[in-house]
Chemist: 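Okay, here's the structure, questions in a sec.
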Amino acid sequence: MKFRSFTQNFLNLRFQIFHTMDTNKNSYTFIYAIIMVVVVALMLALVSGALKERQTTNVELDRKKQILSSINIDIKGQDIEALFDKYIPKALIITGKETREESGKAYDMTRPLEDGGIPVYIADIDGQTKYILSAYGAGLWGPIWGYVALNDDKNTVYGTYFAHASETPGLGAEIANKQFQDEFIGKKILNDENKFVSIAIVKPGQQAADRDYVDGISGGTITSKGVEDMIYKSIIAYESFLEQTSQQ
Amino acid sequence: MKLLNTKSKGVLLGPLNKNNPITVQVLGICSALAVTAKLEPSLVMGISVIVIMALSNVIISLLRNTIPNRIRIIVQLVVIASLVTIVSEFLKAFAYDVSAQLSVYIGLIITNCILMGRLEAFAMSNRPWESLLDGVGNGIGYAWILVAVGFFRELLGSGSLLGIQIIPEALYEFGYVNNGLMMMPPMALILVACIIWVQRAKNKDLQEEQH
């Protein structure tokens with residue numbers, strides 16, 4: 001109880017100080033605002049600085065999860081790092097002229113790497129090679145992104161993963177559903193003449209004559225179109241890499 | 001000693017029904033429309049609002065005698081915005097998946113009129129303990145409407161709850177179709193209106209006098 005009376009006294013004292021001050025004076029208002037801003041800025045900087053490392057790890061871990069889910073691996077309750085190292089032993093970074101090898105990393109696809117390269121993750125699933133390309137584009141309300149995994153013929157889709165920042169729940173956001181992503185499995189990105197044509201996303205019930213297609217999302221037309229554009233634009237950036245193998 | 005006296009009880013429980021921020025004061029409607037298409041974001045949004053509301057109410061109540069009158073709204077906004085930023089930073093660091101799901105919704109809390117309303121109307125003139133109760137009460141009042149609306153929208157719009165399929169496949173084979181309108185914002189407004197209807201029918205004192 002002693003502590004209580006102490007705090008009570010302290011609080012009363014504090015209030016007396018403020019009551020005797022004129023809180024409507026200009027100088028008081030300015031000083032109050034300045035102190036408030038400095039305190040808040042300091043606090044936010046501290047919180048952000050203290051949590052930065054955890055957040056970056058989380059972001060990269062999340063990217064690894066997304067990559068793993070593009071090759072249809074069940075990640076629930078598993079050690080992501082270990083799974084990633086097991087299935088995706090290396091990545092090729094393709095710059096204009098050369099390619100170099102990296103391993104154990106998942107790259108931020110929202111901006112080009114420092115040397116302007118783009119990463120291809122090379123997955124090894126029970127001895128079979130899969131190439132995972134990253135994709136980044138725009139949906140209706142914000143960015144959408146994903147990964148497209150191709151078989152070693154660099155033509156047939158093995159699996160996909162799509163995600164979005166702010167598409168409408170129940171409509172555009174359905175691109176993040178496994179059901180939609182699985183529609184792409186087995187589709188080909190080249191036409192019969194081995195030219196790159198990508199995969200069309202059409203209204204359910206319609207067809208695309210010149211290339212493989214999947215059903216879009218009813219009520220999510222603009223997001224579906226965004227996915228289509230994203231796949232086209234992102235894969236075309238890998239053209240040199242894709243051609244390389246078809247010659248070999 | 002009773003934990004809550006009558007006044008405190010009213011402060012805490014009033015917002016759940018007769019003084020509900022959404023259905024009676026009609027505040028915070030925009031976020032109620034935006035996040036309730038699915039149950040899960042409604043739940044997390046509700047919980048986040050309860051936490052931020054309680055904390056900001058207490059902080060403003062502690063500062064209430066020092067805040068210069070002319071910049072009080074700015075001070076309130078700064079407190080809310082910092083709390084929202086801190087909560088979202090913590091979510092990113094410790095519950096990354098939840099924060100990814102809520103990306104936009106957490107930021108939306110800053111512009112939620114209920115918070116500003118309670119800070120200005122209650123915390124500025126009441127003691128910290130009552131302000132805490134008021135914050136929690138209003139937060140819960142907001143959250144339960146969101147959860148109720150989210151429940152019906154997801155059940156009737158997607159046939160699922162928290163992402164788990166509830167309506168059996170067999171029913172779809174008989175020709176049952178999910179109601180696409182449920183996924184649209186207008187349906188949230190209609191559902192909120194239904195809640196208001198039931199509430200006013202049950203509470204005679206909420207009805208205006210007939211002339």
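Lettering of chains follows the sequences in order, A, B, ..., and the numbering in each one begins at 1.
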Chemist: May I ask you to list the residues in residues 37-53 of chain A that approach chain B closer than 4.5 angstrom, counting heavy atoms only, ordered by number?
Modeler: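 Listed by number: Val40(A), Met43(A), Leu44(A), Val47(A), Ser48(A), Leu51(A).
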
Chemist: How close do Thr29(A) and Pro68(B) get, counting heavy atoms only, and between which atoms?
Modeler: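 That closest heavy-atom pairing would be OG1-CB, 3.8 Å.
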
Chemist: Please check if atom OH in Tyr136(A) has more than 12 non-hydrogen atoms from other residues, nucleotides or ligands closer than 6.0 Å.
Modeler: yes

Chemist: Using side-chain heavy atoms (C-beta onward) and a distance below 4.5 Å, is Phe30(A) in contact with Ile71(B)?
Modeler: no

Chemist: Does any backbone or side-chain atom of Asn177(A) lie under 4.5 Å from a heavy atom of chain B? Answer side chain, backbone, both or neither.
Modeler: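 Nothing of Asn177(A), per the 4.5 Å heavy-atom cut-off to chain B.
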
Chemist: Side-chain contact test, heavy atoms from C-beta onward, threshold under 4.5 Å: evaluate it for Thr57(A) versus Tyr96(B) and give yes or no.
Modeler: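 They are not in side-chain contact.
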
Chemist: Return a table of donor-acceptor pairs under 3.5 angstrom between the side chains of residues 73-86 of chain B and protein atoms on other chains or two or more places apart.
Modeler:
from, atom 1, to, atom 2, distance (Å)
Gln76(B), NE2, Glu120(B), OE1, 2.9
Ser82(B), OG, Val78(B), O, 2.4
Thr85(B), OG1, Ala81(B), O, 2.6

Chemist: With respect to chain A, which residue among Met183(B), Arg70(B), Arg153(B), Met184(B) yields the maximal number of heavy-atom pairs within a distance under 4.5 Å?
Modeler: Arg70(B)

Chemist: Counting only heavy atoms not in Ile222(A), do more than 12 fall under 6.0 Å of its CD1?
Modeler: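 Incorrect, the count does not exceed 12.
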
Chemist: Locate the shortest heavy-atom distance separating Tyr28(A) from Thr66(B); write the atom from each residue and the value.
Modeler: OH-O, 2.5 Å

Chemist: Side-chain contact test, heavy atoms from C-beta onward, threshold under 4.5 Å: evaluate it for Val59(A) versus Lys92(B) and give yes or no.
Modeler: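 Result no, sub-4.5 Å side-chain heavy-atom pair not found.
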
